[in-house]
Amino acid sequence: MQREDTPLTPEQTALIENELVQHIGSMYNFAMSLTRYDEAESNDLVQDAFFKACRSISQYKEGTNAKAWLFTILKNGFINRYRQKSRSMTTEDIDKYFFKGTSEEKSAPQPFVDLGEDFFAQMLGDEVTNALNQLSPDFRSIIIMCDQEGMSYDDIASVLNVPIGTVRSRISRARNQLKTHLSEYGSQLGYVDRRG
């Protein structure tokens, strides 16, 4: 790892600009999936991960999979933050993180919403986000990496440090859970499954 006070060489700077910078948007998407769409925490995670990557640029081999390398750094940063937070978490904090709020918050009256066309256009995106949020962190992150970021199974296995068979199994189970959540939503809106 490069010391903080050691300046980058021109070659290292070029490597960062040519191979790493282009993945910042994907890193942000991945961070959002890990943090349950907490923008501030996602920004912090991406910034920390990118800073660590730049400090460790001497360990990166030019031409290898930069996205997988950055996602690994980001995932490890998320795990470290989670471990630090969990040491000081109360039961209520854990409920909010894993179950999306206390029972009082769930039963609170919802604000009035204008049912204009823009609302319905946004609602579908919100429902997909809600379905993703209902997945466990392992399933949510693997769906983002595979289906949104287009990463290969091999790269995902490398990022998560699991066998490729585990990746295939998690993707299949995550997609089935998403299908269940979104099918329920579709049937509530009156959509009919024409295959059955």
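We use all heavy atoms of the structure for the numbers below, so side chains are in, but hydrogens, waters and symmetry mates are not.
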All heavy atoms of Glu19 vs all of Ala66, minimum pair found to be O-CB, 3.3 Å
What I'd like to find out is whether the side chain of Ser33 reaches to under 4.5 Å of the side chain of Leu132, using heavy atoms alone.
no
Taking atom CD of Gln22 as the centre, does the number of heavy atoms from other residues, nucleotides or ligands within less than 6.0 Å exceed 12?
yes
Look up atom CD1 in Ile143 and atom CE in Met145, then write down how far apart they are to the nearest 0.5 Å.
10.0 Å
If we ignore hydrogens and angles and just use 3.5 Å, is the side chain of Lys67 paired with the main-chain N or O of Glu149 as donor and acceptor?
yes
Nearest 0.5 Å, what's the OG-OH distance between Ser56 and Tyr60?
13.5 Å
Any idea which heavy atoms bring Ala49 and Ile73 closest together, and the distance?
O-CG2, 3.6 Å
Examine distances only and state if a side-chain atom of Ser172 and a backbone atom of Arg168 form a donor-acceptor pair shorter than 3.5 Å.
no
Nearest heavy-atom contact between Gly77 and Leu45 is C-CD2, 3.9 Å
To check you understand the geometry: which heavy-atom pair defines the closest contact between Ala174 and Leu135, and what is its length?
O-CD2, 4.0 Å
Heavy-atom nearest pair, Val159 first then Lys75, reads O-NZ, 2.9 Å
To the nearest 0.5 angstrom, please state how far the CZ atom of Arg140 sits from the CD atom of Gln134.
10.5 Å
Should the heavy atoms of other residues, nucleotides or ligands under 6.0 Å from CD of Gln177 be counted, would the total exceed 12?
yes
Measure the shortest side-chain to side-chain distance between Val162 and Arg170 over non-hydrogen atoms and say whether it is less than 4.5 angstrom.
yes
Is the closest side-chain heavy-atom distance between Lys52 and Asn76 below 4.5 Å?
no
Where the side chain of Ser169 meets the backbone of Gly165, is there a donor-acceptor pair that is under 3.5 Å apart?
no
Between Ser141 and Phe71, is there a side-chain heavy-atom distance shorter than 4.5 Å?
no
Rounded to the nearest 0.5 Å, how far does CG of Leu8 lie from CG of Leu15?
10.0 Å
Whether the side chain of Thr180 engages the backbone of Asn176 through a donor-acceptor N/O pair (distance < 3.5 Å, no angle test) should be reported.
yes
Using side chain to side chain contact (heavy atoms under 4.5 Å, CB included), reason through Phe30 and Val46 one step at a time and then give a plain yes or no.
CA-CA 9 Å; Phe30 184 48; Val46 170; over 6 Å; no
Locate the shortest heavy-atom distance separating Tyr153 from Cys146; write the atom from each residue and the value.
CE1-SG, 3.9 Å
Within-4.5 Å side-chain heavy-atom neighbours: Tyr28 and Glu39
yes
Got a second to check how far Phe78's CZ is from Ser42's OG, nearest 0.5 Å?
9.0 Å
Trace of the side chain to side chain contact (heavy atoms under 4.5 Å, CB included) decision for Ile57 with Leu20
CA-CA 10 Å; Ile57 195 66; Leu20 303 187; 3.7 Å; yes
Look up atom CD1 in Ile171 and atom OG1 in Thr166, then write down how far apart they are to the nearest 0.5 Å.
11.0 Å
